[in-house]
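Encoded as structure tokens, the structure appears first; notes follow it.
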2 protein chains.
Amino acid sequence: MASQRGEGETTTTPAEPADRERARAIPEAAVARLAVYLRVLSGMADQGVTAVSSEELSQAAGVNAAKLRKDLSYIGSYGTRGVGYDVEVLVSHIERILGLTRNHSVAVVGIGNLGHALANYGGFPGRGFPVTALFDVDEDLVGIPVGGIPVSHIDDITAVCLEREVSIGVIATPPPAAQSVCDRLVSAGVQCILNFAPVVLQVPDNVEVRKVDLAVEMQILSFHVARRADEAASVSVGNNGLGVDGMVIRP
Amino acid sequence: MASQRGEGETTTTPAEPADRERARAIPEAAVARLAVYLRVLSGMADQGVTAVSSEELSQAAGVNAAKLRKDLSYIGSYGTRGVGYDVEVLVSHIERILGLTRNHSVAVVGIGNLGHALANYGGFPGRGFPVTALFDVDEDLVGIPVGGIPVSHIDDITAVCLEREVSIGVIATPPPAAQSVCDRLVSAGVQCILNFAPVVLQVPDNVEVRKVDLAVEMQILSFHVARRADEAASVSVGNNGLGVDGMVIRP
DNA sequence: CCGACTTTGTGCATGCGTTCACAAGCGGTA
DNA sequence: TACCGCTTGTGAACGCATGCACAAAGTCGG
């Protein structure tokens with residue numbers, strides 16, 4: 001399940017003038033970077049910068065200059081050879097491609113520590129994502145405003161989501177509740193979900209899920225710590241094939 | 001800056017018995033999945049499951065079975081053909097590879113909404129990551145315990161990090177403070193950083209940074225919403241090359 | 001002890017993403 | 001107007017990751 005991509009039918013249209021077709025072809029990784037470029041560019045615009053070269057922008061975004069140019073080429077050719085890019089122009093084109101010309105109503109489910117933090121972000125960093133609904137199972141929380149929005153009961157999720165045209169659902173519940181909440185969001189017509197619960201969600205093919213997993217992030221860092229320690233050990237001690245694992249702490 | 005990989009010297013050692021050399025070869029993407037497998041396996045162990053096949057485990061983890069076996073092959077051959085994997089054995093081997101046999105002391109910098117949430121996670125999901133230090137600039141917060149740990153002032157970051165042997169630093173400050181905090185963490189000897197601030201951090205090559213960027217995640221979802229809307233429009237209306245962007249809401 | 005069945009481990013092909021390198025194109029200058 | 005230098009945009013090569021398909025290796029039943 002979850003094959004993500006649509007089937008064949010790629011070479012059916014002979015010539016594409018619209019960038020709608022283009023959008024389909026942008027690699028996921030490039031989309032993530034476009035969002036970063038957008039933030040950097042917005043910061044530059046705020047400081048009165050009007051033009052920027054791929055070299056400058058790529059350094060500020062922490063990527064290779066060639067990669068940046070290729071990423072921008074996915075959304076069209078909006079630079080001037082010999083000069084660079086107009087900041088304003090680039091900003092508005094990236095916003096258009098990312099769909100930020102339209103507001104996306106966000107619902108946060110699970111008003112614990114994390115849910116509070118998310119609700120209080122207030123329209124999410126980089127605006128365009130107004131939080132319009134909060135949900136929790138706890139009756140005591142219902143009606144209490146968090147970040148300006150009163151908490152609704154989770155049983156009302158379908159009605160409220162439809163009414164407020166929620167397009168993105170954020171799951172910040174404990175792990176056991178996550179799948180159930182997800183199912184309810186999906187049946188309420190939400191097609192994009194951001195999941196903070198450490199659970200692998202099962203969803204229909206037409207729903208997009210992105211996962212933010214603190215534990216996984218920490219463990220990836222842990223892996224690098226261990227790798228470093230091992231390398232240091234094998235350099236200073238030499239390759240005896242045993243190393244620091246001699247003092248294993250069994251879990 | 002930030003070339004990530006070490007230089008050549010790969011084929012210098014003729015035969016490698018140690019899995020230290022193996023660790024270096026594990027693809028980053030596979031490491032992330034190993035962490036997921038570990039969580040699923042831990043859950044199974046808690047439910048008394050003792051053996052599992054690659055098919056079952058891969059379904060629970062939401063990945064392809066072949067990919068799972070390849071991932072596991074990176075850390076060695078610990079399955080039994082015709083039977084499957086012993087859950088306990090697999091858990092302990094993944095923990096060893098990820099460096100979870102040792103505790104990693106965590107410091108959280110920036111005790112705002114998010115910092116509070118992180119501190120209250122209490123040792124982070126999936127244990128092994130005790131939060132041992134909290135920092136903030138706000139004098140009023142200093143000394144107040146959050147999640148059982150009293151907040152220290154950020155000026156004491158070097159001393160406290162060294163004393164408590166912090167190996168992972170978590171940045172949950174406002175964007176403008178992030179780079180400065182990062183620099184201080186690095187000079188305190190912290191080599192792994194988890195960054196929640198929407199800023200591209202500049203670090204020396206020996207420091208590993210992972211980024212969790214809410215805005216980027218939202219914008220990626222936004223992109224998919226837009227793509228869907230476009231596809232729906234082009235199916236129902238036809239390819240007129242204009243579509244929903246007719247009603248642009250300028251930011 | 002042997003044969004049939006099951007599941008792992010992996011060589012190989014495929015596809016995606018990154019990087020290189022250079023031609024095309026534009027502004028400035030004489 | 002014609003040339004020069006600079007920067008973009010992209011074709012092509014490379015490398016990594018994914019998925020397939022099968023041999024190797026083990027268990028179980030007779």
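The sequence lines fix the lettering, A, B, ..., with proteins before strands; numbering per chain opens at 1.
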Practice prompt. May I have the distance from Lys67(A) (atom NZ) to dA12(D) (atom P), rounded to whole angstrom?
Written response: 22 Å
Item to complete: Give the nucleotide from the list dT18(C), dG9(D), dT10(C) with an atom nearest to the side chain of Arg69(A).
Response: dG9(D)
Pairs under 3.5 angstrom only: tabulate donor-acceptor contacts from the side chains of residues 45-53 of chain B to other protein residues two or more places apart or in another chain.
unit_1: Ser53(B); atom_1: OG; unit_2: Glu55(B); atom_2: N; d: 3.4
unit_1: Ser53(B); atom_1: OG; unit_2: Glu56(B); atom_2: N; d: 3.2
unit_1: Ser53(B); atom_1: OG; unit_2: Glu56(B); atom_2: OE1; d: 3.3

Worksheet entry | Close side-chain approach of Phe223(B) to Glu28(A), heavy-atom, < 4.5 Å | no
Discussion item. In whole Å, I'd like the distance from the CG atom of Asp86(A) to the C1' atom of dT7(D).
Written reply: 15 Å
Fill in: Residue-phosphate contact under 4.0 Å: Tyr85(B) side-chain N/O, dG9(C) OP1/OP2
yes
Item to complete: Write down the distance between CD1 (Ile26(A)) and P (dC16(C)), rounded to a whole number of angstrom.
Response: 15 Å
Worksheet item: Relative to the 5' end of DNA chain C, which residue comes earlier, Val83(A) or Arg33(A), by the nucleotide with the nearest heavy atom?
Response: Arg33(A)
Fill in: dC20(C) OP1/OP2 closer than 4.0 Å to side-chain N/O of Asn64(A)
yes
Worksheet item: Thr80(A) side chain: which of dG26(D), dG19(D), dC26(C) is closest?
Response: dC26(C)
Worksheet entry | Rounded distance in Å - CD (Glu28(B)) to C1' (dC16(C)) | 18 Å
Practice prompt. Kindly indicate whether the side chain of Lys70(A) and the base of dG17(C) share any N or O donor-acceptor pair separated by less than 3.5 Å?
Written response: no
Item to complete: Round to the nearest Å and state the distance from Asp71(B) atom CG to dT8(C) atom C1'.
Response: 14 Å
Item to complete: Give, for atom NZ of Lys211(B) and atom CG of Leu201(B), the distance between the pair rounded to the nearest 0.5 Å.
Response: 9.0 Å
Worksheet item: Rounded to whole angstrom units, what separation is found between the CG atom of Leu68(A) and the P atom of dT8(D)?
Response: 9 Å
Item to complete: Without swapping roles, check the side chain of His104(B) against the backbone of Gly99(B) for a donor-acceptor pair under 3.5 Å.
Response: yes
Discussion item. Measuring from atom CG of Leu34(A) to atom CG of Leu68(A), what distance do you get when rounded to the nearest 0.5 angstrom?
Written reply: 8.5 Å
Discussion item. Can you see if the side chain of Ser53(B) gets near the phosphate of dT7(C) - specifically, an N or O under 4.0 Å from OP1 or OP2?
Written reply: no
Worksheet item: Whole-Å distance between dG9(C) P and Tyr78(B) OH?
Response: 11 Å
Worksheet item: What about Arg81(A): does its side chain form a donor-acceptor pair under 3.5 Å with the base of dT8(D)?
Response: yes
Worksheet entry | Nearest-angstrom distance from the residue atom OH of Tyr74(A) to C1' of dC16(C) | 9 Å
